[in-house]
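In what follows, a structure is listed as structure tokens, so that the remarks can point back to it.
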2 protein chains.
Amino acid sequence: MIKERTTKQKTLILSAVQGTKTHPTAEQVHAMITDVAPNLSLGTVYRNLNRLAETGIIRRISVINSPDRFDGDLTPHHHISCTDCGKFCDFFEINYDAELDRVIEARSGFSIAKHETVFYGKCPECKNKELN
Amino acid sequence: MIKERTTKQKTLILSAVQGTKTHPTAEQVHAMITDVAPNLSLGTVYRNLNRLAETGIIRRISVINSPDRFDGDLTPHHHISCTDCGKFCDFFEINYDAELDRVIEARSGFSIAKHETVFYGKCPECKNKELN
DNA sequence: TTCTTAATAGTAAATATTACTAATAAGGAG
DNA sequence: CTCCTTATTAGTAATATTTACTATTAAGAA
């Protein structure tokens, strides 16, 4: 019995997210693919990104003053957002503490699937601009 | 010279956020006040919440599948979001590690003002519903 | 009390995301 | 290989969230 179909669009969307480190928004993913698939619909991008994120194949990140971003890198890591220019970066050098999830589970009664940490501040470039 | 004026609306909005633990969205803050100030405009709520959050008088929290939420409690703490029903709770029992911000600063070149951590999972009620 | 102008209400617009539907196409069955 | 079911899509409309704009109001300094 058919469950999920592999479409050209789905493949392109997943490849786009997995093939970049830019944490693109849905609209950016759409823009990345329209040269290969000119009439790819933005709705299709949203639908597939949502499903991929729910399945856990990609990560969805919610950021203040930004549309949701998507990350194909499942390696546990954190993110940094520049509150001036919106630049959005990975930060790998601090370990993601999966044990935290277990602690929260035990004390809150929730079953925790994951946590997302975003650091907010000013990137080096925006810090410099400030000095003028 | 005048810089910022204390208006009735501003006061009501701040009190509303500080007087609840429900982490209301802008629209919820608006609803909380309209009985006292029937023609308070939603735009005014957004404008004031944004400013209060920028100033650091309240916290803004960005959550997957939810409009932004606001928290009047500046005590460092984390949040838990139920991915089924959207319930949104505080979690105080794990310390907010401000030292993390300094580590990220040193290694990334950003100046970090804060970080926000949200745990995602299922609340006790939604876990039970699942068993039917 | 007057006067300047920050802030508001009300509305329109922009941005972000989801819903709907006829048409398309994936892939199992024959 | 062809047919058939139906998951998926393109295109569009609708909704949700947030910001922008402007005439009017009102905070608070002089």
Side-chain angles (χ1 to χ4, degrees), chain A residues 1-17 22-55 57-70 81 83-86 88, chain B residues 1-17 23-55 57-70 81 83-84 86 88:
Chain A
M1 59 245 39
I2 301 172
K3 282 262 169 94
E4 175 155 359
R5 291 180 183 175
T6 305
T7 67
K8 195 165 40 174
Q9 294 88 337
K10 199 172 291 184
T11 307
L12 284 168
I13 290 164
L14 178 56
S15 308
V17 176
T22 61
H23 315 88
T25 65
E27 195 157 347
Q28 287 168 342
V29 170
H30 183 251
M32 290 163 74
I33 307 178
T34 38
D35 53 336
V36 192
N39 42 8
L40 173 69
S41 149
L42 185 55
T44 297
V45 175
Y46 271 104
R47 188 168 7 85
N48 280 285
L49 289 175
N50 282 346
R51 186 170 326 182
L52 289 165
E54 275 162 24
T55 317
I57 299 171
I58 64 175
R59 279 171 77 178
R60 176 200 288 260
I61 314 156
S62 196
V63 190
I64 294 171
N65 286 325
S66 161
D68 282 1
R69 293 172 172 277
F70 296 88
S81 172
T83 48
D84 271 24
C85 70
F88 194 80
Chain B
M1 58 243 42
I2 300 173
K3 282 264 169 92
E4 174 154 0
R5 292 180 182 173
T6 305
T7 67
K8 195 165 40 173
Q9 293 88 338
K10 199 173 291 185
T11 307
L12 284 169
I13 289 165
L14 178 55
S15 307
V17 175
H23 314 88
T25 65
E27 195 158 348
Q28 288 168 341
V29 170
H30 183 250
M32 289 163 75
I33 308 179
T34 38
D35 53 336
V36 192
N39 41 8
L40 173 70
S41 149
L42 186 55
T44 297
V45 175
Y46 270 105
R47 186 166 9 82
N48 280 285
L49 289 175
N50 282 345
R51 186 169 325 181
L52 289 166
E54 274 163 23
T55 317
I57 299 172
I58 63 175
R59 280 171 75 178
R60 176 199 287 261
I61 313 155
S62 195
V63 190
I64 294 170
N65 286 326
S66 160
D68 282 1
R69 293 172 171 277
F70 296 89
S81 171
T83 48
D84 272 24
F88 195 78

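On a predicted model such as this, the values are computed, not experimentally measured, just so you know. So that the names make sense, note that chain A is the first sequence line, chain B the second, and so on, each numbered from 1.
- A heavy-atom distance below 4.5 Å is found between the side chains of A/Val29 and A/Leu49.
- Legend: residues meeting salt bridge (Lys or Arg N to Asp or Glu O under 4.0 Å) with A/Arg69, ordered by chain and number and at least two apart, are absent.
- Going from atom CD of A/Glu4 over to atom C1' of C/dG28 covers 16 Å, rounded to whole Å.
- Counting to the nearest Å, the P atom of C/dA16 and the NE2 atom of A/His30 are 15 Å from each other.
- Regarding contacts with the backbone of D/dT8, every side-chain N or O of A/Thr7 stays at 4.0 angstrom or more from both OP1 and OP2.
- The nearest whole Å value for the distance from the CG atom in A/Leu40 to the C1' atom in D/dT9 is 9 Å.
- Checked against D/dT18, C/dA9, C/dT17, the side chain of B/Leu42 finds its nearest nucleotide in D/dT18.
- Applying the salt bridge (Lys or Arg N to Asp or Glu O under 4.0 Å) rule to A/Arg59 yields the partners A/Glu116; only residues at least two apart in sequence or on another chain are considered.
- At a non-hydrogen distance threshold of 4.0 Å, A/Pro67, A/Asp68 from residues 59-69 of chain A come into contact with DNA chain C.
- As rounded to whole Å, 9 Å separates atom P of D/dT6 from atom CZ of A/Arg5.
- Looking only at side-chain heavy atoms (C-beta outward), B/Pro24 and B/Met32 come within less than 4.5 Å of each other.
- For DNA chain C, the residues of residues 44-52 of chain A within the heavy-atom distance limit of 4.0 Å (strictly under) are A/Tyr46, A/Asn50, sorted by number.
- A residue-by-residue look at B/Thr6 and B/Gly43 shows that B/Thr6 has its nearest nucleotide of DNA chain C further toward the 5' end.
- Look at CG on B/Leu12: it is 15 Å from C1' on C/dA9, rounded to the nearest Å.
- A search for side-chain hydrogen bond (donor to acceptor under 3.5 Å, both in side chains) contacts involving B/Thr11 returns nothing, not counting sequence neighbours.
- Taking only side-chain nitrogens and oxygens, A/Gln9 never comes nearer than 4.0 Å to OP1 or OP2 of C/dA25.
- One can place CD of B/Gln28 at 14 Å from P of D/dA16, the figure rounded to the nearest angstrom.
- Atoms CD (B/Glu27) and C1' (D/dT15) sit 12 Å apart, rounded to a whole Å.
- With sequence neighbours excluded, the residues that form a side-chain hydrogen bond (donor to acceptor under 3.5 Å, both in side chains) with A/Asn50 are A/Arg60.
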